[in-house]
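Working notes, structure below.
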Amino acid sequence: MIEKLVTSSLKMGVIAGGQLGKMLIQEASQWDIATHILDPDEACSARSVASVYVKGDFTDFNDVYNFGKQVDILTFELENVNIEALQKLKVEGLKIVPDPDILALIQDKGLQKEFYAKHDLPTSPFICCEEEEITDALERGELVYPFVQKLRKGGYDGRGVSLIHSSKDELLKGTSMCEQKVDIDKEIAVIAARNSADEVRCFPAVEMTFNDKTNLVEEIFCPADITSEQATQAQTLAVKIIRDLDMVGLLAVEFFIDKEGKILINEVAPRPHNSGHHTIDSMVTSQHKQLLRAILDLPLGSTKLTSASVMLNLLGEPGYEGQVYYEGFSECLAIDGVKIHLYGKKNTRPSRKMGHNTVLSKTVEDAFEKANKVKSIIKVKSWEK
Ligand code: ADP
């Protein structure tokens with residue numbers, strides 16, 4: 001444990017400057033930590049709150065390396081970071097949380113699945129292969145229709161993921177991981193945190209609903225509508241994964257619950273996660289504060305729920321593109337327990353994530369009632385069409 005921690009003399013680097021970076025920096029600023037961000041976009045969300053903005057590409061060796069040289073501690077808010085640069089910085093003594101080796105494993109959906117198999121962690125059957133090897137694997141019976149093909153690297157928000165029903169469906173180009181389609185009943189997530197003293201804490205499970213058309217998350221509610229056995233099992237698995245990875249930091253674990261009630265690991269993310277947006281408003285400790293505690297070798301904070309919640313993404317309305325305004329903003333704020341978070345994006349376009357609303361109430365049912373009102377009131381539009 002650090003006896004004399006002077007946070008105001010700390011320079012924390014965050015790769016990159018998206019909305020999760022912005023939220024992390026807002027929390028870091030409560031502890032007077034100076035924050036540096038690396039992002040190619042000069043108009044990125046976190047720029048307005050960061051102490052120092054550095055323009056650069058987080059996939060570029062030199063940009064990441066030079067950025068790392070300016071800070072005392074380095075973390076990231078996305079997976080797509082140049083690993084070689086992180087490895088060199090680590091060898092040269094920079095504290096990077098989570099460790100680059102863990103990021104390298106998680107960046108690759110194939111390596112992730114092999115890790116679950118090796119550690120006896122429940123996940124759907126899979127194979128890793130090139131596109132042209134898929135037909136052979138089907139012929140040999142190693143894979144059967146329907147399956148889900150996922151590009152091993154670079155996918156997000158459902159991009160790089162394709163459901164293949166039959167030979168009529170077109171395969172994705174590139175090295176991929178193919179897994180059997182799960183008959184999904186529910187999708188849930190648990191965020192675990194671990195510090196260097198091996199203290200581990202989990203936030204309660206959330207449940208996610210998805211929009212059929214955009215494939216984006218529609219609502220995330222907490223607590224999830226699952227049995228207490230399932231909740232315990234999901235948390236136990238999240239703890240086992242973070243310990244098996246020997247990881248310090250924050251790990252978001254996404255699970256499927258199939259129609260028979262069985263819990264399967266879908267994927268993990270070693271960073272703050274959309275499924276934890278609500279923690280800012282509905283938990284004693286937010287996911288970002290928890291990450292800071294883990295990074296700084298501090299005791300982890302309470303993961304106690306202070307309120308039930310429903311999180312709604314604020315997405316650009318179809319048909320609107322240009323300078324953003326939020327229709328119904330004040331009407332929404334007249335509803336008790338509505339917390340609006342905007343990401344600082346100047347321009348909207350259809351389905352662009354512009355912010356989120358967390359709606360708090362005593363019960364999830366009640367929060368949903370308010371959330372449905374919020375949904376019908378607030379609209380992300382632009383002056384131009
Ligand atoms: P991303 O990393 O882009 O979020 P995911 O691997 O989480 O991609 O997949 C996106 C969505 O596709 C999931 O939330 C789920 O709805 C669906 N999906 C992914 N894998 C499977 C599977 N094996 N069976 C059924 N649906 C799946």
Side-chain angles (χ1 to χ4, degrees), residues 18-20 76-81 103-117 121-129 134 137-138 142-166 169 171-191 205-221 224 226 234 237-238 241 251-277 311 313 315 351-353 356:
Q19 54 264 22
L20 289 162
F76 36 84
E77 56 121 39
L78 44 68
E79 280 93 337
N80 193 17
V81 183
L103 179 62
L105 186 145
I106 292 174
Q107 269 186 353
D108 182 328
K109 289 190 179 193
L111 292 182
Q112 257 192 66
K113 291 284 276 194
E114 283 165 5
F115 179 86
Y116 305 143
L121 291 156
T123 192
S124 60
F126 70 100
I127 56 162
C128 292
C129 57
I134 295 178
L138 283 162
E142 289 165 12
L143 190 67
V144 292
Y145 293 116
F147 64 89
V148 179
Q149 186 195 6
K150 301 184 180 184
L151 293 182
R152 287 179 68 156
K153 287 191 176 177
Y156 65 97
D157 280 350
R159 272 171 252 194
V161 173
S162 185
L163 176 58
I164 311 291
H165 294 97
S166 70
D169 291 329
L171 295 169
L172 300 170
K173 304 265 172 288
T175 310
S176 60
M177 183 276 292
C178 295
E179 62 181 8
Q180 290 312 140
K181 179 178 180 284
V182 176
D183 220 355
I184 299 173
D185 182 30
K186 289 169 192 279
E187 298 197 36
I188 64 163
V190 168
I191 297 176
V206 300
E207 186 169 333
M208 297 165 282
T209 63
F210 291 83
N211 183 294
D212 298 340
K213 287 190 203 106
T214 60
N215 260 341
L216 289 171
V217 168
E218 184 87 6
E219 291 136 353
I220 298 182
F221 57 97
I226 54 179
L237 284 170
I241 302 171
L251 187 74
V253 186
E254 293 182 43
F255 299 95
F256 299 133
I257 302 186
D258 72 9
K259 294 267 159 62
E260 288 164 7
K262 216 165 89 194
I263 298 188
L264 297 165
I265 298 158
N266 173 24
E267 61 173 356
V268 299
R271 53 166 174 81
H273 197 250
N274 296 347
S275 66
H277 282 338
M311 192 286 298
N313 280 320
L315 303 177
S351 294
R352 187 174 192 203
K353 271 190 213 167
H356 72 262

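If you read the sequence from its start, that first residue is 1, and numbering goes on from there. When a ligand or atom number is given, it counts from 1 through the structure's own listing order.
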For this session: Using atom types as modelled and distance alone, determine if a side-chain donor or acceptor of Gln107 lies under 3.5 Å from a backbone N or O of Val81.
Result: yes
Exercise. Any side-chain heavy atom of Phe115 within less than 4.5 Å of one from Ile106?
Worked result: no
Exercise. If you count only heavy atoms, which residues are under 4.0 Å from ligand 1?
Worked result: Lys109, Val148, Lys150, Tyr156, Asp157, Gly158, Val161, Glu179, Gln180, Lys181, Val182, Ile184, Glu187, Phe210, Glu254, Phe256, Asn266, Glu267
For this session: Would you confirm whether Ser162, through its side chain, and Gln149, through its main-chain N or O, come within 3.5 Å as a donor-acceptor pair?
Result: no
Problem set entry | Expected output: side-chain Asn313 to main-chain Val217 donor-acceptor under 3.5 Å | yes
Exercise. Any luck finding a side-chain donor-acceptor pair between Ser124 and Lys113 under 3.5 Å?
Worked result: yes
Exercise. Pick one: which of Val268, Val190, Asn266, Thr123 meets side-chain contact (heavy atoms from CB on, under 4.5 Å) with Phe255?
Worked result: Val190
